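Data first, discussion second: the structure below is written as structure tokens.
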Amino acid sequence: MRELEAGLGRGAIQKWLRSSEHVEVYGRAIYRISAATQAGADALLAEFGRVQPNASYSLPRLIPEHQGRTIYVGSSMKIADRLREHLQRASNATYALHLRRWCLPEDHVLRVELQAPADDIPNTVVQDAEDALWDFSQPRLGRRGAK
């Protein structure tokens, strides 16, 4: 999380995505953002609970009954842009994690996993896959289903 507070270098997300031969930087993907440890997830969500009520920007909803390490599950047609919104910066009106604005600068590690479906896979099938990942992962923030 220290990298988030300091700010990821310009183009860092695109560089990371390009390191995978299976992901287009501006392509479609399903993703999961998790804390590497339960303690990291608990610390992150405690800070979220402190920040959320007074935030001047749009944050996802807290799901108190979910208590695991998964923070958020989603999908996007432009994965690099969406990860930037979660990890770096986004418009105040965009529902995203906005982690750089509030995450703790402790030594907790976030894991971003993604799967890029083939171009010929229908959007309904991709949504079903995202919903299945959501059900399995029980993220602590966000909501299930198409936006």
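If you're wondering where the values come from, they're calculated on a predicted model, not measured in any experiment.
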**Q.** side-chain hydrogen bond (donor to acceptor under 3.5 Å, both in side chains) partner of Gln127, the single match among Asn123, Thr124, Asp131
**A.** Asp131

Q) Is it true that the side chains of Thr94 and Glu85 contain a donor and an acceptor less than 3.5 Å apart? A) no

Q. Where is the tightest heavy-atom contact between Ala35 and Gly40, given as atom of each residue plus distance?
A. CB-C, 3.9 Å

Q: Measure the spacing between CG of Leu141 and CZ of Arg61 and express it to the nearest 0.5 Å.
A: 10.0 Å

Q. How long is the gap from CG on Asp128 to CG on Leu133, to the nearest 0.5 Å?
A. 12.5 Å

Q: Find out if a path of hydrophobic residues (ILVMFWY) with successive side-chain heavy-atom gaps under 4.5 Å connects Leu59 to Ile33.
A: yes

Q. Do Val126 and Arg28 come close enough that some side-chain heavy atom pair is under 4.5 Å?
A. yes

Q: Considering non-hydrogen atoms only, spot the tightest contact between Ser75 and Glu130 and give its length.
A: OG-OE1, 2.5 Å

Q: To the nearest 0.5 Å, tell me how far Tyr31 OH sits from Leu83 CG.
A: 7.0 Å

**Q.** Asn92 CG: over 12 foreign heavy atoms closer than 6.0 Å
**A.** yes

Q. Do Val125 and Val73 belong together in a cluster built from hydrophobic side chains that touch within less than 4.5 Å?
A. yes

Q: Taking all heavy atoms of Pro117 and all of Ala29, pick out the closest pair and write down the distance.
A: CD-CA, 4.0 Å

Q) Within the distance-only criterion (no hydrogens, no angle test), does the side chain of Trp102 pair as donor or acceptor with the backbone N or O of Leu97 below 3.5 angstrom? A) yes

Q: Look only at the side chain of Arg69 and the backbone of Ala36, and say whether a donor-acceptor pair between them is shorter than 3.5 Å.
A: yes

Q) Is the closest side-chain heavy-atom distance between Arg100 and Leu87 below 4.5 Å? A) no

Q) Any sub-3.5 Å donor-acceptor pair from Ser34's side-chain atoms to Arg111's backbone N or O? A) no

Q: Rounded to the nearest 0.5 Å, what's the gap from CD1 on Ile71 to CG on Leu45? Could you check?
A: 5.0 Å

Q: Give the intermediate values and the outcome of side chain to side chain contact (heavy atoms under 4.5 Å, CB included) for residues Leu44 and Leu99.
A: CA-CA 9 Å; Leu44 186 73; Leu99 285 170; 4.0 Å; yes

Q) What distance do Leu110 atom CG and Tyr72 atom OH have between them, rounded to the nearest 0.5 Å? A) 14.5 Å

**Q.** Pairs meeting criterion salt bridge (charged side-chain N to carboxylate O under 4.0 Å, His left out) with involvement of residues 29-45, two or more places apart
**A.** Arg32-Glu113, Asp42-Arg140

Q | Between CG on residue Asp81 and CD on residue Gln88, distance to nearest 0.5 Å | A | 10.5 Å

Q) Can you tell me if His66 uses its side chain to pair, donor with acceptor, with the backbone of Gln138 under 3.5 Å? A) yes

Q. For the residue pair Arg82 and Ala96, what are the closest heavy atoms and their distance?
A. NH1-CB, 3.6 Å

Q.
Please check: side-chain N/O of His98 versus main-chain N/O of Tyr57, any donor-acceptor pairing under 3.5 Å?
A. no

Q.
Determine whether a donor-acceptor pair (N or O, by modelled atom type, separation under 3.5 Å) exists between the side chain of Ser76 and the backbone of Lys78.
A. yes

